[in-house]
Amino acid sequence: MGDHDDKARAATIFDVARLAGVSHQTVSRVLNDLPNVRPATRARVEQAIKQLRYVPSPAARALVTRRTRTLGLIVTGAPDYGPSSTALYFNEAARDARYTVITASMRETDAASMRSTAELLVRQNVEAIVLIAAERAALDALDGIELGVPVVAVASEERGALHRVWLDQYTGARLAVDHLIGLGHREIRHIAGPSNAMDAAERVRGWAATLGEHGLPAREPLVGDWSPGSGYMHGRTLASDSEMTSVFVSNDQMALGVMHAFAEAGLSVPGDVSIVGFDDIPEAAFFAPPLTTLRQDFVGLGRDAMASVLAVLGDDDRTPAPRVPDLVVRTSTAAPSRERVTLTS
């Protein structure tokens, strides 16, 4: 977010806390003129309020007293494997910490719907909100709103002032491309996820950067919608590409469709073309052939989201380090065949 956008956005209690180097609860104590705040800390908070021209809302003033052991969870986008798994393990971690979770699943992420849902959760007296965001619009809709509770975003891009936990999609994509280059591939195509999906953008970035570092061409990615059907459609297109020897596909579901299209076209995987997916869905090991892919730690991500909530509620704004996906090598990748290398020479 640029400087102009930052200035145009009204300051929130979390902006004050960040500038003063304290938690939002401490800011709320100062706003309510409560004891147990050291004079030097109070002075820093008051200076930050003055510097940011912060105008507290009633919700911000009331924040310090709210202890309901209830959390809000907003899950956006389609019920795909990654977000659904993260939500499941976040709920498990919340139960282990003796918190109740109120969940709202949202297909649409327009600003009005997002804000209405967040405000509804606040009215249910949640202590914090966790947002599992597939698209940038979901983060942007809640950035800068004075909800009176902290928001922890599970998102692969950093946008605005929300607390964040994430899986490192960029590094995962680099691992995929490095694996194919290590096998000898020089023509590595990419089937990306939707253009508004943050995970997809980070994977495109990692794919292109790795090819560039090796002096290899990054052809225009084909854009899918995460479904096997879109993978199949793009697989039919790629089947006629005689230069291609490998494909990095942005998720396993699309990779399944690609493999089906290649089989119909008489292409062998990995004899003619190698394929790498992303996610390591439970079915990936049982594709024909079993799929080389990037395994994402959704169990750990869900727990990280809960750990971040507990840290923020406990006056600690430290963020868990991002988790890097693991490359799982199966039999959908191999060195390029001599015949196909000759065609590309």
Side-chain angles (χ1 to χ4, degrees), residues 1-67 71-72 74 76 109-131 133 135-155 157-166 198 305 308-319:
M1 187 172 291
D3 291 341
H4 176 76
D5 292 333
D6 287 339
K7 290 175 182 176
R9 177 173 64 83
T12 71
I13 191 172
F14 305 107
D15 297 323
V16 174
R18 216 170 348 263
L19 182 59
V22 299
S23 71
H24 61 277
Q25 291 99 327
T26 298
V27 176
S28 187
R29 291 189 197 99
V30 173
L31 293 174
N32 287 283
D33 197 25
L34 295 175
N36 301 323
V37 179
R38 287 177 293 184
T41 302
R42 187 180 297 274
R44 287 207 314 275
V45 171
E46 290 172 346
Q47 177 59 33
I49 289 171
K50 182 178 179 181
Q51 184 175 333
L52 294 174
R53 299 179 181 177
Y54 170 63
V55 179
S57 68
R61 290 188 180 277
L63 177 61
V64 73
T65 60
R66 178 174 291 157
R67 297 297 298 179
L71 304 173
I74 301 175
T76 65
T109 55
D110 61 279
S113 297
M114 288 294 301
R115 293 174 184 179
S116 175
T117 299
E119 289 165 357
L120 177 62
L121 290 172
V122 170
R123 288 197 293 272
Q124 300 300 311
N125 293 321
V126 298
E127 293 185 35
I129 293 174
V130 171
L131 168 63
E135 302 172 0
R136 299 178 189 90
L139 297 184
D140 294 343
L142 295 188
D143 183 38
I145 299 177
E146 185 71 89
L147 291 171
V149 300
V151 178
V152 173
V154 180
E157 291 181 3
E158 184 173 11
R159 299 180 69 83
L162 303 178
H163 303 279
R164 183 171 72 110
V165 297
W166 74 103
M198 293 179 286
S308 185
V309 167
L310 294 175
V312 172
L313 293 176
D315 289 5
D316 182 354
D317 283 349
R318 286 178 295 181
T319 300

So, do [X] and [Y] sit near enough that their side-chain heavy atoms are less than 4.5 Å apart?
X: Leu71; Y: Val130; value: no
X: Met114; Y: Asp140; value: no
X: Leu31; Y: Val45; value: no
X: Glu46; Y: Val30; value: yes

Report task. Would you sort out whether Val22 and Val16 count as a side-chain contact (heavy atoms from CB on, under 4.5 Å), showing the intermediate values? Result -> CA-CA 8 Å; Val22 299; Val16 174; over 6 Å; no
Query raised in the report: So, Arg164 side chain and Ala155 main chain: donor-acceptor pair closer than 3.5 Å or not?
Result: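 Between the backbone of Ala155 and the side chain of Arg164 there is a qualifying donor-acceptor contact (under 3.5 Å).
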Can you give me the closest heavy-atom contact between [X] and [Y], atom names plus distance?
X: Gly72; Y: Leu121; answer: CA-CD1, 4.0 Å
X: Ala133; Y: Met198; answer: O-CE, 3.4 Å
X: Leu139; Y: Ala153; answer: CD2-CB, 3.6 Å
X: Val312; Y: Pro150; answer: CG1-CB, 3.5 Å
X: Val309; Y: Ala128; answer: CG1-CB, 4.1 Å
X: Ala118; Y: Ile129; answer: O-CD1, 3.8 Å

Query raised in the report: When rounded to the nearest 0.5 angstrom, what distance separates NE2 in His163 from CG in Leu131?
Result: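 If I round to the nearest 0.5 Å, the distance is 13.0 Å.
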Query raised in the report: Just how far is it from atom CD1 of Ile49 to atom CZ of Arg44, taken to the nearest 0.5 Å?
Result: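 One finds 12.5 Å between CD1 of Ile49 and CZ of Arg44.
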